[in-house]
A.B. asks: 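Pasting a structure here, questions to come.
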There are 2 protein chains.
Amino acid sequence: MRNKQTFNYDRSRIPLYLQVASVMRQRIESERWKQGEKISTIEELETEFGVARVTIRQAIEILREEGLLDARQGRGTFVSGRPKDKHWFNLANDLESVVSSIKNNVIRIVHIEENAEAPSLEENEGRPASGYILLRSVQFSDGEPFVVVNLHLARDIFVRDRKRFTRQPALPRILEMRDIALAHAFQTVTIGVADPETSELLEIGLGEPTADCRLVLVDDAGVALYVAKYNYHRNSFALRRDLLPRPKAAKAARARKKSKSR
Amino acid sequence: MRNKQTFNYDRSRIPLYLQVASVMRQRIESERWKQGEKISTIEELETEFGVARVTIRQAIEILREEGLLDARQGRGTFVSGRPKDKHWFNLANDLESVVSSIKNNVIRIVHIEENAEAPSLEENEGRPASGYILLRSVQFSDGEPFVVVNLHLARDIFVRDRKRFTRQPALPRILEMRDIALAHAFQTVTIGVADPETSELLEIGLGEPTADCRLVLVDDAGVALYVAKYNYHRNSFALRRDLLPRPKAAKAARARKKSKSR
DNA sequence: CTCAATTTGTTCGTATGTATG
DNA sequence: ACATACATACGAACAAATTGA
């Protein structure tokens with residue numbers, strides 16, 4: 001008979017103690033295990049995760065090194081901290097706020113390719129420009145890298161302000177160009193994994209998850225001027241919004257007359 | 001001298017051959033290694049990744065099992081497929097489409113708690129209802145589980161249609177209640193990891209990344225009626241939208257007169 | 001103060017997985 | 001394919017610190 005764990009282990013191949021540590025870290029992060037609180041005993045965790053004592057201890061050891069847990073012989077194991085403050089990058093919900101939030105970011109260009117291959121475009125993402133520049137940059141917050149950007153920028157846009165495009169985020173500069181009329185700004189968010197380059201730049205492990213955000217700007221002539229892939233550090237990514245737009249206000253008001261309970 | 005690889009390995013602790021496999025998979029997925037093409041020889045890969053021959057072979061073996069690579073003695077290794085099509089679940093951009101997309105989903109309730117603890121609410125997420133029901137369910141697509149939902153539902157809502165709330169997605173049913181006026185539908189998307197329960201239900205490894213989506217419905221009296229956490233399988237999650245709303249059309253039209261190049 | 005229960009710390013033996021050359 | 005070294009995981013036994021009866 002195979003127990004639950006061999007089962008889980010079969011599924012992921014990643015060392016068990018890392019998997020366990022990962023879950024426990026999340027519990028601290030989400031405050032399911034609160035600051036200063038005593039967590040379950042090793043034996044309870046053994047049962048819950050269905051792994052050996054030593055494996056739980058290895059996981060605890062990792063979190064201890066990260067300063068999240070503090071184990072005391074005879075007393076128990078306590079939460080001694082939370083994962084270092086994540087400076088959430090709040091993925092904005094419209095272009096204006098995307099722009100204002102990144103305008104003053106510290107960026108470091110790590111690669112420029114003057115005659116880059118055209119990026120591949122989806123069905124409805126417009127047609128390619130006549131030539132592209134490839135810019136790879138890293139953006140920092142509090143000295144920590146939090147996103148790697150791979151940008152294909154239409155060459156004729158790039159040459160209009162070489163200097164600035166190689167020093168500051170491109171988006172604000174493009175929006176400043178009054179003669180450019182954007183028809184669409186397609187954004188797609190998925191979960192990806194760090195390739196060697198990204199892992200190097202974001203200072204995370206190869207294969208660790210990232211939030212991958214693709215942004216394609218299409219002008220009114222149907223040309224994809226700006227095709228970028230943002231690889232966010234998993235911890236500095238969040239997206240918040242209210243799905244209820246104004247129109248609902250009418251409905252709300254209408255209903256308010258009828259019932260006012262709860 | 002430590003090479004690039006030892007460096008990454010130190011950072012991630014995940015077995016080397018998995019890291020290598022992860023990178024090679026990415027190359028196939030991104031078509032850097034195209035379908036049917038012969039990839040580099042093992043010796044070249046050895047050098048590139050700075051690992052032993054056997055380690056490369058282990059990585060190739062994994063991708064072979066996934067049907068992505070085909071190694072032939074004396075000839076070389078060839079790309080024989082792309083990662084299996086992910087049936088993206090397209091996270092909708094407004095409540096109406098969220099509802100219509102899930103209305104007919106197959107769900108399986110795995111847990112009901114009639115007297116649940118109140119969910120913790122953020123600053124602006126309203127005040128708690130007088131009582132909550134906790135419903136945990138799994139939703140399937142093509143027989144594959146793709147999302148686990150933990151829902152705290154206000155008890156007075158639940159009792160109005162016990163039957164349906166325990167069989168079908170709650171959201172459509174709530175929107176049908178004409179006497180309920182929603183003021184907000186707050187959504188937050190982050191990247192999380194699978195805990196034992198979620199990993200079991202989604203059939204993924206413990207600690208694997210998930211897209212965590214929190215949805216809070218607040219009525220016009222400021223009560224949080226519906227507080228849910230959706231844990232999506234990483235491969236069935238995507239969020240697409242156009243950041244340019246109608247208003248921009250005016251600007252586009254204005255600019256169109258001026259320039260029409262590119 | 002002592003004792004027992006609880007809880008973490010340590011060690012052994014064994015089996016299998018990972019990585020090198 | 002082989003020899004070697006080290007890491008991962010299990011189960012079990014025992015040691016050491018803490019707590020409260």
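Proteins get letters first, then strands, A, B, ... in listed order; numbering begins at 1 in each.
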A.B. asks: In whole angstrom, what separates A:I56's CD1 from C:dT10's P?
C.D. replies: 17 Å
A.B. asks: D:dT8 P sits how many Å from A:Q19 CD, rounded?
C.D. replies: 13 Å
A.B. asks: Could you tell me how the ring of B:H152 sits relative to the ring of B:Y132: parallel (under 30°), tilted (30 to 60°) or perpendicular (over 60°)?
C.D. replies: perpendicular
A.B. asks: Within the structure provided, determine whether B:P196 and B:L206 are in side-chain contact (heavy-atom separation under 4.5 Å).
C.D. replies: yes
A.B. asks: Of the options C:dG21, C:dA19, D:dA9, whose atoms approach the side-chain atoms of B:V54 most closely?
C.D. replies: C:dG21
A.B. asks: Measure the distance from CD on A:E46 to C1' on C:dT7 and round it to the nearest whole Å.
C.D. replies: 12 Å
A.B. asks: May I ask you to evaluate whether A:T55 reaches the phosphate of D:dT8, defined as a side-chain N or O under 4.0 Å from OP1 or OP2?
C.D. replies: no
A.B. asks: What N/O pairs connect the protein and nucleotides 16-18 of chain D at under 3.5 Å? Give each pair on its own line.
C.D. replies:
residue, atom, partner, partner atom, Å
D:dA16, O4', A:Q73, OE1, 3.3
D:dA16, N3, A:Q73, OE1, 3.0
D:dA17, O4', A:Q73, OE1, 3.2

A.B. asks: Can you identify which nucleotide, out of D:dT8, D:dC10, C:dT20, has its nearest atom closest to the A:P15 side chain?
C.D. replies: D:dT8
A.B. asks: So does B:E31 pair up with B:K34, basic N to acidic O under 4.0 Å?
C.D. replies: no
A.B. asks: I'd like a table of donor-acceptor pairs (distance under 3.5 Å, sequence neighbours excluded) in which one partner is a side-chain atom from residues 107-122 of chain A, with atom names and distances.
C.D. replies:
residue, atom, partner, partner atom, Å
A:H111, NE2, A:E113, OE1, 3.1
A:E114, OE1, A:R162, NH2, 2.8
A:E114, OE2, A:R162, NH2, 2.9
A:N115, OD1, A:R155, NH2, 2.7

A.B. asks: Take the protein atom CG of A:L18 and the nucleotide atom C1' of D:dA7, then report the distance between them rounded to whole Å.
C.D. replies: 11 Å
A.B. asks: Whole angstrom is fine here: how far is it from CD1 in B:I42 over to P in C:dA19?
C.D. replies: 16 Å
A.B. asks: Starting at CG of A:L16 and ending at C1' of D:dT8, how long is that distance when rounded to a whole Å?
C.D. replies: 9 Å
A.B. asks: Under the side chain to side chain contact (heavy atoms under 4.5 Å, CB included) criterion, do A:V79 and A:D70 qualify, and how do the steps go?
C.D. replies: CA-CA 6 Å; A:V79 179; A:D70 185 21; over 6 Å; no
A.B. asks: Please check the phosphate of C:dT8 (OP1 and OP2 only) for any side-chain N or O of A:T77 closer than 4.0 Å.
C.D. replies: yes
A.B. asks: Taking only the side-chain heavy atoms of A:K38 (C-beta and beyond), determine which of C:dA19, C:dT7, D:dT8 contains the nearest atom.
C.D. replies: C:dT7
A.B. asks: So, is B:R57 near the phosphate of C:dT18, with a side-chain N or O under 4.0 Å from OP1 or OP2?
C.D. replies: no
A.B. asks: Could you check whether any side-chain heavy atom of B:L68 comes within less than 4.5 Å of a side-chain heavy atom of B:R25, counting everything from C-beta outward?
C.D. replies: yes
A.B. asks: With sequence neighbours excluded, tell me which residues meet ring pair (Phe, Tyr, Trp, His ring centres under 6.0 Å) with B:F165.
C.D. replies: none
A.B. asks: Can you figure out which of C:dT20, D:dC10, C:dT7 approaches the side chain of B:A52 most closely?
C.D. replies: C:dT20
A.B. asks: Which whole-number value in Å describes the distance from B:Q58 CD to C:dG17 P?
C.D. replies: 11 Å
A.B. asks: The side chain of A:E43 is closest to which nucleotide in this list: C:dT8, D:dA9, D:dG11?
C.D. replies: C:dT8
A.B. asks: Tell me: CD of A:E44 to P of C:dT6, nearest whole Å?
C.D. replies: 11 Å
A.B. asks: Distance criterion of 3.5 Å, no angle test: do you see the side chain of A:R53 paired donor-to-acceptor with the base of C:dG9?
C.D. replies: yes
A.B. asks: When both hydrogen-bonding distances must be under 3.5 Å and the geometry is Watson-Crick or G-U wobble, what is D:dA1 paired with, if anything?
C.D. replies: none
A.B. asks: For the pair A:D212 and A:R214, find out whether any cationic side-chain nitrogen is under 4.0 Å from an anionic carboxylate oxygen.
C.D. replies: no
